[in-house]
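Heavy atoms only: backbone and side chains are in, while hydrogens, waters and symmetry mates are out.
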Amino acid sequence: MKRIISALKEKWPEYILEIIVLVIGIFIAFELNNYGENQKRQKEEIEILKGCRAELQTDLKDINLNINDFKKSLFALETFIDLLENDGQYHDSLAALFNYTLLPIHFVHSSSAFETLKSKGLDIISNPDIRTNLVKVYDSQYDFFLQAESEELDEVHYGLRHILPGRFESGFNFPKSNFEGELIPLNFEALKSDIEFLYFLKTHRNRTQSYLDYFYANLKKDVERMISDLDTELKRLE
């Protein structure tokens, strides 16, 4: 025992140094491991954010395309109503315009990057504001918009099934992807005194206007803001 105590007294500085070196080595190894994990996590975060941005940019293109088509539809509805209410005259070129009155327009979008994020865990996103806004766009705004779109499409299909038959030669005349075609009335003069048809046109015009001014306007604004926020966040991370 005395030998052990004596040895400790003589070599304790060496033992202390060895312990310090060992602790420092463990600490450095731990920090290097954390650094590697953080780098891996940040790389994964950047890839997911880039995926979300790319999808939102594609979605925005479809939003702008649809807004343009709905403006054409609104113009067609306004023109049709004006002709009927002011005893306008029909000519063959109007058939192409009338074909825009009932458009089955779908918002084509993708959320695969966001679904990947949810499967991996939202906490991968280090910025809480970005995380919150992504959830708002994908889980709130998109769901809210798609519900409104479903109601809009129900109205369009109701018109195609119940309003156009007996009044036009045929409906759903979209031989091209840009909705070009013709909607030819069987008796244009009779439509001027057709209360049901005029009511439907006016109501659909009002729905289309509100759909553009509220639902599509808010959707576009939120998507544009999210893309801008992602641009800023990716610059910070990279």
Side-chain angles (χ1 to χ4, degrees), residues 55 57-111 141-224:
E55 288 180 349
Q57 288 170 335
T58 301
D59 291 352
L60 183 59
K61 290 179 182 179
D62 194 66
I63 290 169
N64 287 327
L65 179 66
N66 290 353
I67 287 174
N68 184 56
D69 283 334
F70 272 114
K71 286 181 178 179
K72 290 180 182 178
S73 181
L74 190 61
F75 176 74
L77 287 161
E78 292 282 10
T79 302
F80 208 158
I81 292 168
D82 181 70
L83 287 169
L84 295 180
E85 291 190 325
N86 294 289
D87 197 26
Q89 299 302 306
Y90 176 78
H91 48 86
D92 292 342
S93 62
L94 288 172
L97 179 64
F98 292 167
N99 204 49
Y100 279 91
T101 55
L102 291 173
L103 299 182
I105 297 175
H106 293 260
F107 171 40
V108 180
H109 64 287
S110 176
S111 59
Q141 178 61 273
Y142 272 27
D143 285 352
F144 180 62
F145 177 84
L146 292 174
Q147 177 60 40
E149 179 183 76
S150 177
E151 294 173 2
E152 172 71 12
L153 288 171
D154 285 346
E155 187 74 7
V156 168
H157 288 293
Y158 176 85
L160 291 169
R161 291 194 303 268
H162 301 290
I163 301 299
L164 297 191
R167 295 180 172 95
F168 294 86
E169 289 186 3
S170 64
F172 221 90
N173 302 305
F174 308 123
K176 300 180 181 180
S177 60
N178 57 1
F179 296 114
E180 290 182 1
E182 292 185 332
L183 186 63
I184 303 172
L186 295 172
N187 187 339
F188 183 76
E189 291 301 314
L191 294 178
K192 295 177 181 180
S193 57
D194 190 331
I195 296 174
E196 181 186 22
F197 182 68
L198 192 56
Y199 173 84
F200 178 82
L201 279 187
K202 288 182 176 180
T203 301
H204 191 57
R205 173 200 59 192
N206 296 343
R207 287 180 60 90
T208 302
Q209 185 71 68
S210 65
Y211 196 44
L212 273 172
D213 293 345
Y214 181 72
F215 292 102
Y216 258 105
N218 285 330
L219 179 66
K220 180 178 179 179
K221 179 179 66 177
D222 285 350
V223 170
E224 287 178 333

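Ring geometry for Tyr216 versus Phe70: interplanar angle of 30 to 60°, hence tilted.
Of the inter-residue distances, the one linking Asn64 atom CG with Glu224 atom CD reads 7.0 Å to the nearest 0.5 angstrom. Residue Asp213 holds its CG atom at 10.0 Å from CG of Asn218, rounded to the nearest 0.5 Å. Between the CG atom in Leu201 and the OG1 atom in Thr79 there is a gap of 11.0 Å [rounded to 0.5 Å]. Going from atom CG of Leu77 over to atom NE2 of His204 covers 5.5 Å, rounded to the nearest 0.5 Å. Taking CG of Leu74 as the reference point, atom CG of Asp69 lies at 12.5 Å (rounded to 0.5 Å). Taking CG of Leu219 as the reference point, atom CD1 of Ile63 lies at 3.5 Å (rounded to 0.5 Å).
Between Asp194 and Leu191, the closest side-chain pair of non-hydrogen atoms falls below 4.5 Å. At a threshold of 4.5 Å between non-hydrogen side-chain atoms, the residues Leu186 and Arg167 do not count as touching.
Nearest heavy-atom pair across Ala96 and Glu182 is N-CG, 4.2 Å. Nearest heavy atoms, Leu60 versus Lys220: CD1-CG, 4.0 Å. In terms of heavy atoms, Ala95 sits closest to Tyr90 at CB-OH, 3.5 Å. When every heavy atom of Ser73 is checked against every heavy atom of Thr101, the shortest pair comes out as OG-O, 3.5 Å.
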Would Leu83 and Phe188 count as a side chain to side chain contact (heavy atoms under 4.5 Å, CB included) here? Give the steps.
CA-CA 10 Å; Leu83 287 169; Phe188 183 76; 4.0 Å; yes

Could you walk me through whether Asp62 and Asn66 satisfy the side-chain hydrogen bond (donor to acceptor under 3.5 Å, both in side chains) test, starting with their C-alpha distance in whole Å, then the side-chain angles of each, then the deciding distance to 0.1 Å, before giving a yes or no?
CA-CA 6 Å; Asp62 194 66; Asn66 290 353; 3.2 Å; yes

Derivation and outcome, side chain to side chain contact (heavy atoms under 4.5 Å, CB included), residues Lys72 and Asn68
CA-CA 6 Å; Lys72 290 180 182 178; Asn68 184 56; 3.7 Å; yes

Tyr142/Asp222 under side chain to side chain contact (heavy atoms under 4.5 Å, CB included): CA gap, chis, key distance, verdict:
CA-CA 10 Å; Tyr142 272 27; Asp222 285 350; over 6 Å; no

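Checked by atom type and distance alone, the side chain of Asp82 never pairs as donor or acceptor with a backbone atom of Glu78 at under 3.5 Å. Asn187 places a side-chain N or O within 3.5 Å of a backbone atom of Glu189 that can act as its donor or acceptor partner.
Put simply, the residue from Phe197, Tyr100, Phe75 that forms a ring-ring contact (aromatic ring centres under 6.0 Å, His included) with Phe80 is Phe197.
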Show which side-chain atoms of residues 146-166 pair as donor or acceptor with protein atoms under 3.5 Å away, not counting sequence neighbours.
unit_1	atom_1	unit_2	atom_2	d
Gln147	NE2	Glu151	OE2	3.4
Glu149	OE2	Phe107	N	2.6

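Residues passing the salt bridge (Lys or Arg N to Asp or Glu O under 4.0 Å) test with Asp87, sequence neighbours excluded: Lys192.
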